[in-house]
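Down below is the structure, laid out as structure tokens.
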There are 2 protein chains.
Amino acid sequence: MRQLPERTVERLSQYRRVLLRLLSIKKEYIYSHELASLLHITAVQVRRDIMLIGHTGTLRLGYKIKDLVDLISTIIDTPGKRNLAIVGIGNLGQALINYIASNQDKIIPVAIFDVNEKKIGSTFHGVTCYSMDMMEEIVKKESITIALLTLPPQFAQSTANRLIEAGVKGIMNFTPTLLNLQGAFLEQYDMITSLEKVAYFSKPKFFVS
Amino acid sequence: MRQLPERTVERLSQYRRVLLRLLSIKKEYIYSHELASLLHITAVQVRRDIMLIGHTGTLRLGYKIKDLVDLISTIIDTPGKRNLAIVGIGNLGQALINYIASNQDKIIPVAIFDVNEKKIGSTFHGVTCYSMDMMEEIVKKESITIALLTLPPQFAQSTANRLIEAGVKGIMNFTPTLLNLQGAFLEQYDMITSLEKVAYFSKPKFFVS
DNA sequence: ATTTTTTTGTTAGCTTTATCACAAAATCAA
DNA sequence: TTGATTTTGTGATAAAGCTAACAAAAAAAT
Ligand SMILES: NC(=O)c1ccc[n+]([C@@H]2O[C@H](COP(=O)([O-])OP(=O)(O)OC[C@H]3O[C@@H](n4cnc5c(N)ncnc54)[C@H](O)[C@@H]3O)[C@@H](O)[C@H]2O)c1
Ligand SMILES: NC(=O)c1ccc[n+]([C@@H]2O[C@H](COP(=O)([O-])OP(=O)(O)OC[C@H]3O[C@@H](n4cnc5c(N)ncnc54)[C@H](O)[C@@H]3O)[C@@H](O)[C@H]2O)c1
């Protein structure tokens, strides 16, 4: 299959989460307009996405939820699991690790890296924190392919370089540093940018220039 | 000025942060290609964004950083400050409050709301936590127009409705609940979706179906 | 003085993403 | 049986976002 649009991939992730909930309450089929209304998007958008992944529904019955979930999973997941590392286990890193572990089960936190002597050797939600010196070794040994950067911004670029060199293929960067990466997918997850965007688009009308 | 594209607003926020850093080290002018390379985008993109906000540079000298920063500020900021509330001060809420306060100065956290008796009445980075019963009252009294939702997902929709009713104009939703809002700008800041997107686009090649 | 280089500003076009409009098929109603 | 209704699937079109290309102006080089 051809590479899917980013937006479609994002929605597939959301469809799956909604559909899994519906499956758990024994709903079997769903119409495009139902799924659309759960995501507050249009039914055409839903049908188009489903078309893009090559699934086909039943006329007048809708889509079989189980089949759709399975197909989305074969598309967006890898067969088997993906191992993840968190670099920098401060306030944010600690908030994230629990959340990730309890909200999906294909991407598994298997290692934490930090420079703080007090943290090295201890575990956070069952995951061991290693020293930064061991990063390359552990990344290779544990086949880690995804990393979250939650360390101080000035170390983000050099750490990202080391991670990619060691085999990481996807990086989610929570620091405000704008990274330059070759050979890995980057998600710049920048809260201040989003916050300022919210401020702009929610500006009280009489302020708009 | 006409409403700017979302992407442009996001980049303006990033331009400003980079430019402020350069100003602080006494750089006066910048070329589009320099700014572009700092953000890892193209120079045309930079020039187009700057054109959209109606700024004009000096031929062969580039853009005067001070002027550009000021203009971006008049566009994306409101004159004066915006007050912000955080609803749910758990792991994530606590991580956020400090970060927001120390990374920009136009959007000010002025209130926290929670149901936990132990948290109500105490302060987090100098901001008081109030009970949920007082939310409408405080939102009005403090003119809060932006809110972050970092409470359990099942309370997100009803809380958002109450906030909007009380006058909030922009909501950044950190919970996985997909909200349906009327009358406010919504940023669905969904980490799992982004994480699954990173996983998809960084899938080792031999896995791609 | 003329040519080359540099850099902005902008048009036109391209790519990606979303929506419109409607055919096709299944079911329902009369 | 006929016609209306519902719902999927998709080609065509529109909107948003990005890039290529180049004119214009200024400065530098020759
Ligand atoms: N707190 C937030 O809500 C928030 C939100 C968005 C982004 N961020 C960004 O995420 C990062 C972390 O934020 P935080 O609030 O958790 O900060 P923090 O100070 O609580 O944690 C940083 C952690 O990184 C570790 N560290 C320091 N230098 C390191 C290095 N060279 N290599 C590896 N680890 C190192 C520290 O020991 C600490 O454990 C910062 O860059 C911040 O800008 C934070
Ligand atoms: N931890 C993360 O990294 C992370 C990341 C993304 C999203 N989220 C989401 O953000 C939310 C908070 O995550 P967390 O890790 O901070 O959870 P948490 O359990 O640590 O904190 C939740 C807070 O909300 C309060 N609360 C409970 N019910 C409330 C109500 N009805 N009204 C107001 N406050 C209420 C609790 O007292 C607590 O202080 C969750 O919805 C989670 O799904 C968390």
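Sequence lines set the chain letters: A, B, ... in the order given, protein chains first and strands last, and positions in each chain run from 1.
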Q) Are side-chain heavy atoms of R16(A) and S73(A) found at a separation under 4.5 Å? A) yes

(Q) Rounded to whole Å, how long is the line connecting atom CG of L52(B) with atom P of dT10(C)? (A) 10 Å

Q: Verify the distance criterion only: is there a donor paired with an acceptor across the side chains of N161(A) and E165(A) at less than 3.5 Å?
A: no

Q.
Strictly distance-based, threshold 3.5 Å: is any side-chain N or O of Q188(A) a donor or acceptor partner for the main-chain N or O of F174(A)?
A. no

Q) To the nearest angstrom, how far is K64(A) atom NZ from dT7(D) atom C1'? A) 19 Å

Q. Taking only side-chain nitrogens and oxygens of Q45(A), does any of them come within less than 4.0 Å of OP1 or OP2 of dT19(C)?
A. yes

Q) Is there side-chain contact between M172(A) and I146(A), with heavy atoms separated by less than 4.5 Å? A) no

Q. Is there a donor and acceptor pair, one atom on the side chain of R48(B) and one on the base of dT10(C), closer than 3.5 Å?
A. no

(Q) It should be established whether T58(B) places a side-chain nitrogen or oxygen under 4.0 Å from OP1 or OP2 of nucleotide dT7(C). (A) no

Q. Is there a side-chain polar atom (N or O) of S32(B) under 4.0 Å from OP1 or OP2 of dT7(C)?
A. no

Q) Do R48(B) and T8(B) have a side chain donor and acceptor closer than 3.5 Å? A) no

Q: Ignoring backbone atoms, test whether Y29(B) places a side-chain nitrogen or oxygen under 4.0 Å from the OP1 or OP2 oxygen of dT8(C).
A: no

Q. Would you call R17(A)-E196(B) a salt bridge at under 4.0 Å N-O?
A. no

Q: Using five pairs at either end of the helix from dA1(C)-dT30(D) to dA30(C)-dT1(D), determine the angle between the two local helix axes and round it to 10 degrees.
A: 20°

Q) Rounded to whole angstrom units, what separation is found between the CE atom of M51(B) and the P atom of dA20(D)? A) 17 Å

Q.
Please tell me if T42(B) has a side-chain N or O lying less than 4.0 Å from either OP1 or OP2 of dT19(D).
A. yes

Q. What's the CG-C1' distance between L61(A) and dC28(C), to the nearest Å?
A. 14 Å

Q | Length of the CD1-P vector between I50(B) and dT8(C), whole Å | A | 8 Å

Q.
Protein within reach of the bases, or only the backbone? For nucleotides 21-30 of chain D, mark each nucleotide 5' to 3' as B, S or -, using heavy atoms under 4.0 Å.
A. B---BBS---

**Q.** Residue P5(B), side-chain atoms from C-beta onward, closest of dG9(C), dG17(D), dT17(C)
**A.** dG17(D)

Q. Distance-only, no hydrogens or angles: does the R11(B) side chain make a donor-acceptor pair with backbone N or O of L39(B) under 3.5 Å?
A. no

Q) E6(B) CD to dG17(D) C1': how many Å, rounded? A) 12 Å

Q: Go through residues 7-14 of chain A and report each residue with a non-hydrogen atom lying under 4.0 Å from DNA chain C, sorted by number.
A: R7(A), R11(A)

(Q) Would you say Y63(B) places a side-chain N or O within less than 4.0 Å of OP1 or OP2 belonging to dG9(C)? (A) yes

Q: Mind telling me whether Y63(B) and H55(B) have parallel, tilted or perpendicular rings, with 30° and 60° as the class edges?
A: tilted

Q) Rounded to the Å, how far apart are I41(A) CD1 and dA18(C) C1'? A) 10 Å

Q: Round to the nearest Å and state the distance from D49(A) atom CG to dT17(C) atom P.
A: 11 Å

